[in-house]
Amino acid sequence: KERTSTMIRLLCVAVLAVAAFAIPAPPVCKLSDWSEWSACKQPKLCTQHDVGESYPLEEEQLWDEGRVKMTRMKAVKERKLRERQACVAAGECPEFYIPESHGFTACEGGMAGNWPCRNVDLLSYVNLEDLVGYSDPETEGNDIWGWHDEETGDEYAIMGINQGTSFVRVTDPLNPVPLGFLPTHTTASLWRDLKVFNDHVFIVSEASDHGMQVFDLRQLRGKDDFSEFEETAHYDGVGNSHNIAVNVENGYVYCIGSTQSSGYPNVCGGGLHIVDVNDPANPQFTACFGDDGYIHDVQCIVYHGPDSRYTGHEICFGYNENSLTLMDVTDHSNPQFITKMGYTNVAYTHQGWITEDHTVLLLDDELDEWFDHVETTATYIWDVTDLEQPELKNVYYSSETAIDHNLYIVGNLTFQSNYEAGLRILHIDQENYELEEVGYFDMFPATTEINFAGTWSNYPWFRNGVVASSSFEYGLFLQMPDY
């Protein structure tokens, strides 16, 4: 037994040593050891798990790996951005030159013009310059969301840019109309995230002291010219936030990944910072949930799945960079931890989404490809019919080798934004926990590699079936699946 224990310890040391040569890793901290992005004191325990399984993690042994992994990811992406900008400035790297905005291009023979595709037409493309209203070689795209105006029936794409947020009317997706740009509250940041509730968009960023911008989308009605906007209101209960989620059924938003503690007492350990936005122009801080440390992304729903213990409860599914964590936030003043699950090949639990019947969950891990844990892009398929014991049932492996970033589910389809592999659309076989690709559109045709380039995210809920996708390098793509 002692010999076996010694061998396991030696194996752990060897694995950690190899990883250290690949990407230098800062120490892993216990939650109580953090001070913003500072160094920490505690070592990470090394454990092993069987291949191809999910496994519970003990709440009382939480190690705040999230901030460590986010620190590393920020550094890698910012370095890649600087390299890309320097290459373009030197007159090299033509793959990063921004094309002119243009209109419809059918997907024929595997191509839509210069864009590789299958069963997805390009309705139109709006480049970064037209999205922000000026030319700046440092402009980069990031997140995207949408708004349906119930009064007029118009559809709008709302796209995050490192310097702010762009608004585009896409009611006629063949002829999109850029309407204006809302500058960042403080400084530019590659990370900007936004969600919509009650005709307002709520915007957060990794930029220091950014807080949450509130913009009344009704200002876009009847507008045809391009202008610079001002925020409708501003919430200063947080400094930076990596992400934001909304539960449109009850009017609460969740700022997550907040780490700037100086002047902001409710960073909530980087976890859920809960805000009531039922009066959109007057957001009110409600409570924290930081028991599981840093949360990278989250989806919060009013649960109507088969686990009757939680029927009607508000459940948050957290993607905490090393786990899938479930929380019951029905009582916003007293959120409760449900369970925390790890899984084989975990590297950077990034984001996920639950099916509309609340029985199956798809999860993407942003770095399992980077660390060679898997050979091609992997999607982790979970059975969540028992909220206290979610189970990893299968892993779908794409034909492409690229990094997965964001995915969403509409009906029996999942729309995945997989960086250099582009928008991938897959059919979900819930009964057998399987996926089958039915279409794709590649927004970075130069290469398909394990790299941080290409598409960032997508919005697949427009009522006319249009999918809006955002690109780091180029801008906004409006696409129509045809399969």
Side-chain angles (χ1 to χ4, degrees), residues 15 19 47-57 65 69 73 296-299 305 317-326 339-387 389-440 448-451 454-455 457-458:
V15 170
T47 58
Q48 290 187 321
H49 301 282
D50 294 335
V51 175
E53 294 184 355
S54 50
Y55 46 86
L57 299 172
E65 293 182 341
K69 293 185 177 184
M73 183 61 73
H296 183 275
D297 208 333
V298 70
Q299 181 189 9
F317 297 82
Y319 304 91
N320 294 17
E321 309 216 358
N322 68 335
S323 70
L324 169 64
T325 298
L326 276 62
T339 191
K340 177 183 176 77
M341 301 297 295
Y343 54 95
T344 302
N345 292 330
V346 60
Y348 190 85
T349 311
H350 181 264
Q351 187 262 356
W353 211 254
I354 194 169
T355 55
E356 294 173 0
D357 63 358
H358 298 173
T359 62
V360 175
L361 179 144
L362 304 183
L363 178 151
D364 61 55
D365 188 304
E366 192 174 2
L367 290 183
D368 51 357
E369 299 89 7
W370 181 280
F371 286 114
D372 294 325
H373 292 180
V374 295
E375 294 183 359
T376 61
T377 308
T379 303
Y380 298 84
I381 308 170
W382 294 73
D383 174 359
V384 291
T385 53
D386 182 341
L387 294 183
Q389 294 183 327
E391 181 182 1
L392 178 64
K393 300 292 286 188
N394 197 10
V395 182
Y396 167 81
Y397 294 100
S398 169
S399 61
E400 304 299 315
T401 302
I403 297 174
D404 41 339
H405 195 232
N406 287 311
L407 65 86
Y408 301 102
I409 295 174
V410 180
N412 60 1
L413 296 172
T414 176
F415 297 79
Q416 303 186 348
S417 295
N418 293 348
Y419 283 150
E420 291 195 4
L423 173 69
R424 318 299 289 199
I425 305 174
L426 300 97
H427 177 266
I428 308 168
D429 179 351
Q430 292 185 214
E431 183 177 352
N432 297 302
Y433 302 99
E434 293 180 351
L435 303 177
E436 179 183 5
E437 186 174 278
V438 296
Y440 69 85
T448 299
E449 299 175 346
I450 299 173
N451 203 354
T455 184
S457 194
N458 71 85

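Keep in mind it's a predicted model, so treat the numbers as computed, not measured. For reference, positions follow the sequence shown, starting with 1.
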Residues L435 and Q416: closest non-hydrogen pair is CD1-NE2, 4.3 Å

Any donor and acceptor pair, going by atom type alone, linking the side chain of N394 with main-chain N or O of Y433 inside 3.5 Å?
-> yes

Between OH of Y419 and CG of N406, what distance do you get to the nearest 0.5 Å?
-> 7.5 Å

Do you know which two heavy atoms are closest between G411 and E356, and how far apart they sit?
-> N-OE2, 2.8 Å

Residue pair I450 / F371, side-chain heavy-atom distance below 4.5 Å | no

side-chain contact (heavy atoms from CB on, under 4.5 Å) evaluation trace for F317 with L387 | CA-CA 10 Å; F317 297 82; L387 294 183; 4.1 Å; yes

Least distance between heavy atoms, E375 atom then T401 atom = O-OG1, 3.2 Å

Spatial distance of atom CD1 (I425) from atom CG (L413) [nearest 0.5 Å] = 7.5 Å

side-chain contact (heavy atoms from CB on, under 4.5 Å) assessment of Y343 paired with L324 | CA-CA 9 Å; Y343 54 95; L324 169 64; 5.7 Å; no

Indicate yes or no: at least one non-hydrogen side-chain atom of N345 is less than 4.5 angstrom from one of D365.
-> no

Please examine the side chains of L426 and V438, heavy atoms only from C-beta on, and report whether any two atoms are closer than 4.5 Å.
-> no

Interatomic distance, CD1@I403 vs CD@E420, rounded to 0.5 Å, equals 8.0 Å

Between atom CD1 of I409 and atom CG of L362, what is the distance when rounded to the nearest 0.5 Å?
-> 4.0 Å

Can you check side chain to side chain donor-acceptor pair (under 3.5 Å) on D404 and T377, steps first, answer last?
-> CA-CA 6 Å; D404 41 339; T377 308; 5.6 Å; no

Rounded to the nearest 0.5 Å, what separation is found between the NZ atom of K393 and the CG atom of L361?
-> 14.0 Å

Would you say the side chain of V360 lies within less than 4.5 Å of the side chain of I354, judging by non-hydrogen atoms?
-> no

Considering only heavy atoms from C-beta outward, does the side chain of E369 approach that of Y348 to under 4.5 Å?
-> no

Check: L326 and P390 side chains under 4.5 Å, non-hydrogen atoms = yes

Just jot down the side-chain contact (heavy atoms from CB on, under 4.5 Å) partners of T385, sequence neighbours excluded, or say none.
-> P306, T359, D383

For the residue pair Y380 and D364, establish whether any side-chain heavy-atom pair is separated by less than 4.5 Å.
-> no

Below 4.5 Å, heavy atoms only, C-beta onward: do E436 and D429 meet side chain to side chain?
-> no

What orientation do H350 and H405 show, parallel under 30°, tilted 30 to 60°, or perpendicular over 60°?
-> tilted

Specify the closest pair of heavy atoms between R424 and S399, including all atoms of both residues, with the distance to one decimal.
-> NH2-OG, 4.4 Å

Please step through side-chain contact (heavy atoms from CB on, under 4.5 Å) for the pair L407 and Q351, ending with a clear verdict.
-> CA-CA 7 Å; L407 65 86; Q351 187 262 356; 3.6 Å; yes

Identify the heavy atoms of Y319 and Q299 that sit nearest to each other, and give their distance.
-> CE1-N, 4.5 Å

What's the shortest heavy-atom distance between S457 and T455, and which atoms?
-> O-OG1, 3.6 Å

More than 12 non-hydrogen atoms from neighbouring residues, nucleotides or ligands closer than 6.0 Å to CD on Q389, yes or no?
-> no

Any chance you could measure F415, atom CZ, to N458, atom CG, to the nearest 0.5 Å?
-> 7.5 Å

Return yes if some donor-acceptor pair links the side-chain N/O of T448 with the main-chain N/O of A421 below 3.5 Å, else return no.
-> no

Could you tell me whether a side-chain N or O of T414 sits under 3.5 Å from a main-chain N or O of Y408, the two making a donor and an acceptor?
-> yes

Take E400 and Y440, measure what side-chain contact (heavy atoms from CB on, under 4.5 Å) needs, and give me the verdict at the end.
-> CA-CA 11 Å; E400 304 299 315; Y440 69 85; over 6 Å; no

